[in-house]
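Just passing along the structure, written as structure tokens.
Keep in mind that this is a model prediction, so the values were computed, not measured.
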Amino acid sequence: MSVDPDTVKRVARLARIAVTGEEAERMTGELNTILGFVEQLNEVDVTGVEPMTSVIPMTMKKRRDVVTDGNRAEDVVANAPASEENFFLVPKVVE
């Protein structure tokens, strides 16, 4: 896969990044180099290799999987402009 300057400009426009023609030419070479490295990685045989969450072996910290309501209704509506009985009050909108 290779990238041309028009593709670089299009992606930059989608990302809302201003790119000059000269910058697009420079980025074309850089992106093609990066994509070349990715293509090399696709050739590596990873059969039997388990995914890792860290570079060092460690067990993940887990919490008990229980459903709670949090018991914090007052805190949730504390910054609301208007609330009643722990519910948000909003104006009626009829159009």
**Report entry** Point-to-point distance, once rounded to the nearest 0.5 Å, from CZ of Arg26 to OG1 of Thr20
**Finding:** 8.0 Å

**Report entry** Minimum-distance pair of heavy atoms, taken over all atoms of Thr28 and Val3
**Finding:** CG2-O, 3.0 Å

Query raised in the report: Has Asn79 got more than 12 heavy atoms of other residues, nucleotides or ligands less than 6.0 Å from its CG?
Result: no

Query raised in the report: If every non-hydrogen atom of Pro5 is compared with every non-hydrogen atom of Ala24, which pair is closest and at what distance?
Result: O-CB, 4.2 Å

Query raised in the report: Say you draw a straight line from CD1 of Ile34 to CD of Glu39; how long is it, rounded to the nearest 0.5 Å?
Result: 12.5 Å

Report task. Report whether Val11 and Met27 are members of the same hydrophobic cluster (ILVMFWY, side-chain heavy atoms less than 4.5 Å apart, transitive linking). Result -> no

Report task. Mind checking the CD-CD spacing from Glu30 to Glu23? Nearest 0.5 Å is all I need. Result -> 10.5 Å

Query raised in the report: side-chain contact (heavy atoms from CB on, under 4.5 Å) between Phe88 and Val77: does it pass, once the steps are laid out?
Result: CA-CA 7 Å; Phe88 294 99; Val77 296; 4.0 Å; yes

Query raised in the report: Under a 4.5 Å side-chain heavy-atom rule over Ile, Leu, Val, Met, Phe, Trp and Tyr, are Leu31 and Ile17 clustered together?
Result: yes

